[in-house]
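Presented below is the structure to which this report refers.
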Amino acid sequence: MSATPIRWGILGPGKIAQKFASGLQTLEDATLTAIGTRDPLKAISFSTDFQVPNVHLSYDSMVADPEVDIVYVATPHTFHLEHTLLALEAGKHVLCEKPLARNAAEANLMAQKAREKGLFLMEAMWTRYLPLWQWLKPELDNGLIGEVRMVQADFGFNAPFDPEDRKFNPELAGGALLDVGIYPVSLACWLLGGKPVSITAKGTLGTTGVDEENMALLSFANGKMAQVTSAVSCETPKQGWIMGTEGVVQIPMFWRATEAIVHRPNHHPLYMKMPFESSGLQFQAQYAMDCLREGRTASVIQPMSESLMIMEVLDEIRKQIGVVYPGE
């Protein structure tokens with residue numbers, strides 16, 4: 001017998017919400033029952049495209065919907081704190097789009113409220129839940145390339161400049177680091193065992209005051225290191241490299257990984273391919289639902305303590321490159 005579907009509500013029907021809704025459509029035990037937006041035209045379009053029965057033209061109304069079990073917060077970074085607290089206060093579990101908040105202080109408030117309410121809260125770092133990473137991480141832990149010593153990862157693209165776009169708008173916590181830089185930072189911390197002991201960062205700020213390019217060297221315990229790069233003003237290879245004492249793993253498009261190539265001395269390259277259908281965001285949704293059914297209030301794959309630590313790393317990188325958002 002199939003499980004009773006868990007009912008999702010989405011706050012903010014933007015591009016990432018569309019990808020998430022597409023992913024949900026691949027899950028038999030999930031149903032999208034509500035959308036919350038202040039834009040009637042977006043409400044009509046989204047609800048039509050994804051056959052959402054309950055349309056709310058206020059966020060308060062959506063989080064109060066009795067037919068919603070868990071809320072996916074898909075609004076811009078600036079509003080993650082407000083909208084997550086809104087949902088938690090209404091007694092709803094939350095999957096919040098990454099980064100969890102603008103900064104660590106906000107993220108801590110969110111985590112504290114979830115603990116007080118005894119509700120599930122998870123950062124939507126969807127990369128970690130992909131089939132390839134769920135295969136590769138245990139293999140690395142078991143010595144696939146010996147001891148992992150270094151990580152190199154980048155995520156950059158040349159976006160058309162628009163000061164009102166969320167990628168460039170400081171009011172929306174724009175910039176390369178929070179938009180896409182969180183992917184290589186999160187990967188490095190995940191694979192190298194926690195919080196860096198030192199961080200050295202450089203960045204290029206654009207006319208709106210947000211970082212358009214940045215690079216950081218993260219040093220970890222036992223001499224392990226990572227180089228992480230992100231940009232919204234230039235193209236980068238968009239790859240992840242994991243370097244160990246007995247080999248190297250190359251992951252093209254590591255944040256939405258479908259393949260890995262393992263290079264080891266005196267061995268032929270090992271190619272592992274794990275394609276997936278739809279957007280790939282369904283795997284984090286499935287994991288969140290499994291947690292709810294098991295009565296858990298946090299992810300084991302990325303505990304809240306790790307999400308908070310990564311926010312502290314992002315804060316330090318922003319501090320070094322000089323990015324401060326209005327209201328901070």
Side-chain angles (χ1 to χ4, degrees), residues 6-21 23-24 30 32 34-37 59-60 62-63 65 68-129 166 172-174 177-183 185-186 255 279-292 296-315 325:
I6 284 179
R7 303 167 299 177
W8 288 84
I10 294 179
L11 278 184
K15 290 182 180 179
I16 193 66
Q18 293 173 13
K19 293 180 179 180
F20 185 78
L24 280 186
L32 178 54
I35 179 72
T37 176
Y59 298 141
D60 294 84
M62 203 226 72
V63 299
D65 190 329
V68 170
D69 300 312
I70 182 169
V71 172
Y72 173 56
V73 174
T75 48
H77 314 326
T78 306
F79 304 106
H80 287 183
L81 171 65
E82 176 186 351
H83 295 157
T84 295
L85 294 183
L86 186 71
L88 292 171
E89 286 287 2
K92 298 297 193 290
H93 304 289
V94 175
L95 174 65
C96 181
E97 189 49 50
K98 53 82 197 151
L100 193 59
R102 288 189 305 176
N103 53 52
E106 291 183 352
N108 272 290
L109 291 174
M110 296 158 66
Q112 180 180 347
K113 180 59 67 174
R115 286 194 299 270
E116 290 175 359
K117 293 288 186 177
L119 294 168
F120 178 83
L121 173 62
M122 183 175 109
E123 181 180 17
M125 181 48 69
W126 64 286
T127 296
R128 294 203 182 187
Y129 303 90
R166 64 173 182 81
L172 298 178
L177 183 66
L178 293 198
D179 188 53
V180 292
I182 185 173
Y183 286 105
V185 169
S186 179
W255 77 95
S279 64
L281 274 68
Q282 65 267 28
F283 300 106
Q284 64 178 353
Q286 184 66 67
Y287 182 84
M289 294 191 299
D290 291 343
C291 287
L292 296 189
R296 289 188 274 139
T297 57
S299 170
V300 174
I301 294 174
Q302 182 169 350
M304 184 52 54
S305 58
E306 188 175 349
S307 290
L308 298 177
M309 175 270 289
I310 290 169
M311 287 306 312
E312 292 175 354
V313 174
L314 297 176
D315 282 358
Y325 298 124

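Quick caveat: nothing in here was measured; it's all calculated off a predicted structure.
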Shortest non-hydrogen contact from A74 to E97?
CA-CB, 4.4 Å
Would you name the heavy atoms of S279 and W126 that are closest together and state the gap between them?
O-CZ3, 3.7 Å
Can you list every pair that meets salt bridge (charged side-chain N to carboxylate O under 4.0 Å, His left out) and has a residue in residues 84-94, with sequence neighbours left out?
E89-K113, E89-K117
Determine yes or no for a side-chain-to-main-chain donor-acceptor pair under 3.5 angstrom, with T297 supplying the side chain and G118 the backbone.
no
I need the single residue from L95, I70, I6 that forms a side-chain contact (heavy atoms from CB on, under 4.5 Å) with M289. Which is it?
I6
Please find the pair of heavy atoms, one from I35 and one from P13, that lie closest to each other, and give the distance.
CD1-CB, 3.7 Å
To the closest 0.5 Å, what do you measure between CG (L32) and CD1 (I10)?
4.5 Å
All heavy atoms of Y72 vs all of A17, minimum pair found to be CE2-CA, 4.1 Å
Step by step, would you call I182 with M125 a side chain to side chain contact (heavy atoms under 4.5 Å, CB included)?
CA-CA 9 Å; I182 185 173; M125 181 48 69; 3.9 Å; yes
Any D179 side-chain heavy atom under 4.5 Å of R166 side chain:
yes
Sub-4.5 Å side-chain heavy-atom contact between Y59 and T75
yes
Run the side chain to side chain contact (heavy atoms under 4.5 Å, CB included) test on V94 and V73 for me, step by step, so that the C-alpha distance in whole Å, both residues' side-chain angles and the decisive distance to 0.1 Å come before the verdict.
CA-CA 7 Å; V94 175; V73 174; 3.9 Å; yes
Which atom pair, heavy atoms only, marks the closest approach of Q282 to G23?
CB-O, 3.2 Å
Check the pair V63 / V68 against side chain to side chain contact (heavy atoms under 4.5 Å, CB included), numbers first and verdict last.
CA-CA 7 Å; V63 299; V68 170; over 6 Å; no
Which pairs of donor and acceptor atoms, one on a side chain in residues 299-310, lie under 3.5 Å apart (sequence neighbours left out)?
{"unit_1": "S299", "atom_1": "OG", "unit_2": "Y129", "atom_2": "OH", "d": "2.8"}
{"unit_1": "S299", "atom_1": "OG", "unit_2": "I301", "atom_2": "N", "d": "3.1"}
{"unit_1": "S299", "atom_1": "OG", "unit_2": "Q302", "atom_2": "N", "d": "2.9"}
{"unit_1": "Q302", "atom_1": "OE1", "unit_2": "R128", "atom_2": "NE", "d": "3.4"}
{"unit_1": "Q302", "atom_1": "NE2", "unit_2": "E123", "atom_2": "OE1", "d": "3.0"}
{"unit_1": "Q302", "atom_1": "NE2", "unit_2": "S307", "atom_2": "OG", "d": "3.1"}
{"unit_1": "E306", "atom_1": "OE1", "unit_2": "R128", "atom_2": "NH1", "d": "3.2"}
{"unit_1": "E306", "atom_1": "OE2", "unit_2": "R128", "atom_2": "NH1", "d": "2.9"}
{"unit_1": "E306", "atom_1": "OE2", "unit_2": "R128", "atom_2": "NH2", "d": "2.6"}
{"unit_1": "S307", "atom_1": "OG", "unit_2": "E123", "atom_2": "OE1", "d": "2.8"}

Just checking, any donor-acceptor pair under 3.5 angstrom between side chains of Q286 and D290?
yes
Test salt bridge (charged side-chain N to carboxylate O under 4.0 Å, His left out) applied to D315 - qualifying residues, sequence neighbours left out:
R318
From L100 CG over to M311 CE, what is the distance, rounded to the nearest 0.5 angstrom?
7.0 Å
Heavy-atom side-chain proximity of L11 to M62 below 4.5 angstrom:
yes
Hey, could you give me the CD/CG distance between E116 and L88, rounded to the nearest 0.5 Å?
10.0 Å
How long is the gap from CD1 on I16 to NZ on K98, to the nearest 0.5 Å?
6.5 Å
Suppose we screen for side-chain hydrogen bond (donor to acceptor under 3.5 Å, both in side chains). Which residues come up paired with W8, at least two apart in sequence or across chains?
none
Taking the side chain as C-beta and beyond, is there a heavy-atom pair between L172 and Y325 under 4.5 Å?
no
Backbone N/O of C96 and side chain of H80: donor-acceptor pair under 3.5 Å
no
Restricting to ring-ring contact (aromatic ring centres under 6.0 Å, His included), what partner residues turn up for H93, sequence neighbours left out?
none
So, for D65 and A34, which heavy atoms are closest and what is the spacing to 0.1 Å?
OD2-CB, 3.8 Å
How long is the span from the OG1 atom in T127 to the CZ atom in F283, to the nearest 0.5 Å?
12.0 Å
Residue pairs, two or more places apart or on separate chains, that pass salt bridge (charged side-chain N to carboxylate O under 4.0 Å, His left out) and touch residues 69-87
R7-D69
